[in-house]
Every structure is written in structure tokens, then in C-alpha cells.
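Data block below; observations after.
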Amino acid sequence: MTDSPVSHRVDRVEPQRIRHLFDLANEHDADDLVHLELGEPDFPTPEHVVEAAVTAAHGGATDYTPNAGIDPLRRAVANRLRSHGVDADPERVVVTTGGVEALYLTLLTVTDPGDEVVVPTPAWPNPLSQTRLAGANPVEVPLSPADGFAFDADQIIDAISDRTGAVVLTSPSNPTGRVFDVSSMERVVEAAVCHGAYVIADEVYHELTYDRPQPRLAAVTDRPERVVTVDSCSKTYAMTGWRVGWLSGPEPVTAAVTKIHESTTSCVNTPAQHAAVAALTGPDAPVREMKAAFERRRDRVVARLDEIPGVSAAYPEGAFYAFVDVSDLPGSSMEVAERLLFEYDVVAAPGSAFGRAGEGHLRFSFANDLERVETGLDRFDRMVRTESHGAE
Ligand SMILES: Cc1ncc(COP(=O)(O)O)c(C=O)c1O
């Protein structure tokens with residue numbers, strides 16, 4: 001018994017710093033707030049996908065589905081992964097409520113309380129809090145800003161031990177946009193296998209790379225039986241609100257995830273699963289158009305940041321984020337983000353939201369109209385020049 005009104009498990013989860021900034025932005029009364037904090041495409045879901053859900057619902061697809069998802073979707077996911085060289089099988093695909101549920105159920109499946117989960121950071125924070133909810137302990141491996149947060153296999157391998165239950169590798173990375181070197185990731189898989197751990201490859205930004213394709217980790221490793229691939233419709237098809245993701249991996253893991261899925265959500269929203277089938281099997285022109293727009297914005301963001309004195313960013317090779325070093329400005333990244341919000345009407349995510357290694361940075365999302373992105377960066381430019389000038 002403790003004084004806390006809620007469980008220890010929940011007490012171990014830190015409040016999300018991005019959420020804190022969202023709340024401040026909601027309270028901030030500004031006529032022309034520029035939103036560069038959002039991690040979701042600003043495009044509508046492609047029409048044929050919406051139609052598929054509507055048709056399915058009208059046709060009576062409104063019941064529960066099997067825990068692991070409807071067969072056509074499991075087949076579509078497996079086919080897509082096979083086309084990327086993964087030895088995928090529909091029987092070893094589980095459809096989940098977004099990639100986020102796939103990550104959580106996998107962590108619950110492959111870790112025991114007290115195990116460690118190794119996460120190179122800066123990283124999207126949810127796997128860190130999910131690890132705590134699972135009763136395990138996150139081990140952050142801070143990547144170096146001096147290297148543009150490049151993947152450092154040696155450092156990650158050093159953090160893996162017999163206590164490790166899982167390693168979470170996310171490429172392309174949120175928040176840095178880096179696309180990690182796949183042969184270095186393979187070395188991490190080998191090290192994890194030596195210690196009996198799994199590697200969870202979070203590949204929700206897999207389709208969004210601009211300079212070179214990102215191989216699927218499960219396709220290139222010699223030990224695919226220890227790799228769980230997580231992906232979703234959210235970023236690729238502008239479907240964040242539909243909440244459809246999946247995992248593909250070894251049978252013991254997918255069987256266990258299917259089992260515990262009954263206890264969490266039973267199955268994913270049925271019309272949304274039909275929408276996901278249409279997304280994966282329908283025309284890919286909408287995806288190509290969105291990707292081309294993100295690439296144009298990426299190029300413009302990189303060029304615009306180059307014009308701002310004293311700030312630098314890791315080169316975003318994928319996803320839709322620029323992770324900008326603001327360590328020359330006074331205060332913590334949260335304080336910089338708050339000044340940018342209250343004095344310049346721009347919302348950006350503080351780097352500290354992405355683990356200790358993110359401190360001293362702001363994450364700007366370019367999942368917003370190019371004109372709005374430019375307005376936001378113009379204001380950020382003014383802030384940097386004003387504050388650096390004041391510091392002289
Ligand atoms: C790196 C990463 N993984 C997974 C997710 C989960 O996305 P969803 O649950 O919408 O599929 C996100 C969402 O922002 C993300 O950034």
C-alpha cells in the first residue's frame with residue numbers, strides 16, 4: 001500500500017513533454033499560430049481508402065473481427081513485406097490499433113518485469129513509457145549530436161546484456177529524420193540474439209525516405225527469427241486517425257500478441273481494417289504525391305535553416321522532421337519552445353521530449369503546408385537573431 005491513488009506502474013510513467021507544450025499552445029490566445037509540432041501528414045486520407053471503409057460499413061462489416069485482424073489485411077501486409085524482401089506470412093501478422101499498440105503488445109510479450117529495453121535516443125518517447133508500463137526498465141543510449149545523431153552500433157551493443165529483453169530501433173528516426181545504416185543495425189541484431197533479446201524494428205516511416213530507400217531490417221538480417229517489424233497506415237497513407245497498424249515477426253511472438261490482444265482491444269475497428277486493405281492494395285499515386293510534397297518541403301527547410309546563423313540540424317533523410325540545435329539560445333529546450341510559442345506564435349516540440357539526448361534541440365515538423373512552414377521558420381529566424389544579438 002502506498003499514498004498514491006494509482007498504481008506504481010502508472011506512477012513510473014513520466015508526463016509527456018510534447019503534451020505539455022500542446023496544452024500551452026491550446027491555452028495561448030494567438031490569431032496566427034503556426035503549428036510545426038504535429039507528427040501527422042497534413043493531407044486528407046486518399047478518397048479510395050475512405051470509400052472502402054464506407055462501403056464496408058454499409059455492407060455490414062460492423063462486427064468484431066478475429067483478434068489478429070481480417071485475412072485480406074493480413075495477406076496485404078505480408079505481401080507488402082515480402083515485396084521488401086521480408087520472409088513474411090499472413091499467419092504471422094497481427095493487426096493492431098496503430099503502430100503504437102503493436103509496439104506495446106510486443107514489449108509486453110518479449111520482456112519480463114525488471115528486464116531492460118535498450119533505446120537509442122533521441123527517440124519517439126512512447127516505447128520508453130511503454131517499457132515502464134510493462135514493468136521493465138528503459139536504457140537510453142544517447143546518440144551524438146556531433147555526428148548528426150548517426151547510428152552508433154558499438155555504443156548500442158555495449159548497452160546490451162543478459163538483462164536486455166528488447167532493443168527498439170526506429171529508422172527513419174523521429175525526431176531526427178536520420179535513416180540508419182542497415183549493416184550497423186544488423187550488428188545490433190546479432191548482439192541482441194547473443195543475449196537472448198529481440199529487436200523491434202519500428203518502421204512506421206519506412207516509405208518516407210528521400211535520398212535512398214530504407215531496407216527492412218527483417219529482410220537483411222541473418223536472424224529474422226529475432227526481429228519484430230512494426231509498421232502502420234498512419235504516416236504512409238495519411239491515416240493517423242484510423243488507427244491501423246501491425247506487427248510481423250516470429251510465430252511465438254505473434255501468437256502471444258494475438259492472445260493478449262483479446263485483453264486489450266480484442267480487434268481493430270472493422271471498417272478501418274477494410275480501409276487499410278484499400279490503402280495497401282489500391283493505387284499508390286496519392287502516396288507518391290504526398291512523398292514528393294514532403295521532399296520539396298524537406299529541401300526548403302534545410303535551405304532555410306542554413307540561412308539562420310548559429311543553428312544547425314541533422315540532415316533529414318526521412319520522415320518529416322528537422323531536429324534543430326538551439327543550444328546557443330538561453331535556457332532548456334522547453335524554455336526555448338515556450339518563448340517561441342508565447343513571443344513568436346510558433347509551436348515546435350522541445351528536444352527533451354525525446355529523451356536526454358534531445359536536450360538543446362527543437363523538433364520542427366514539416367507535415368504542414370510549405371507556406372506555413374516558411375512563416376514559422378521566418379519567425380524562428382527572428383527569434384534566433386534577436387536572442388543571439390541580446391547575448392552579445
Ligand atoms: C517513431 C514512431 N513510431 C510509431 C508511431 C505510432 O504511430 P501510429 O500508432 O499512429 O501508427 C509514431 C507516431 O508518431 C512514431 O513517430
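In listed order, ligands and their atoms are each counted from 1. Every heavy atom of this structure was used, including side-chain atoms; hydrogens, water molecules and symmetry mates were not.
Atom numbering of ligand 1 starts at 1 in the shown order; those under 4.0 Å from a heavy atom of S234 are 8 (P), 10 (O), 11 (O). Which parts of ligand 1 touch D202 is read off a 4.0 Å heavy-atom cut-off, strictly below it: atoms 1 (C), 2 (C), 3 (N), 4 (C). Contact atoms of ligand 1 toward R243: 8 (P), 9 (O), 10 (O) (distance under 4.0 Å to a heavy atom of the residue). Atoms of ligand 1 lying under 4.0 Å from at least one heavy atom of G98, given by number and element, are 9 (O), 11 (O). Here is the list of ligand 1 atoms found below 4.0 Å of a heavy atom in G99: 8 (P), 9 (O), 11 (O). Counting atoms of ligand 1 from 1 in the listed order, those under 4.0 Å from a heavy atom of T170 are 1 (C).
Ligand 1 has a nitrogen or oxygen under 3.5 angstrom from a nitrogen or oxygen of V100. When only interatomic distances are considered, the shortest N/O to N/O separation between Y205 and ligand 1 falls below 3.5 Å. For ligand 1, the polar-atom distance check against S232 finds a nitrogen or oxygen pair separated by under 3.5 Å.
Because its NZ or CZ atom is both nearer than 6.0 Å to the ring centre of Y198 and within 45° of the ring axis, R226 counts as a cation-pi partner of that residue.
Within the 4.0 Å heavy-atom cutoff, K235 counts among the residues contacting ligand 1. Heavy atoms of T240 come nearer than 4.0 angstrom to ligand 1 in no pair at all.
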Step by step, would you call F149 with F323 a ring-ring contact (aromatic ring centres under 6.0 Å, His included)? CA-CA 10 Å; F149 299 108; F323 203 53; 5.6 Å; yes
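Contact annotation: for E40 versus ligand 1, there are no heavy atoms closer than 4.0 Å.
No side-chain N or O of N79 forms a donor-acceptor pair with one of R74 less than 3.5 Å apart. E359 and S333 share a side-chain donor-acceptor pair at under 3.5 Å.
Between F366 and Y210, the angle of the ring planes lies from 30° to 60°, which puts this pair in the tilted group.
The aromatic ring centres of Y205 and F294 sit 6.0 Å or more apart.
Using a 4.5 Å heavy-atom cutoff, the side chains of L169 and V188 are in contact. For the pair Y315/V302, a side-chain contact is recorded, criterion being any heavy-atom separation below 4.5 Å from C-beta on.
Under the 4.5 Å side-chain heavy-atom criterion for ILVMFWY residues, no single connected hydrophobic cluster contains both V324 and F354.
Nearest protein neighbour of atom 15 (C) of ligand 1, counting heavy atoms only, is W124 CD2, 3.5 Å.
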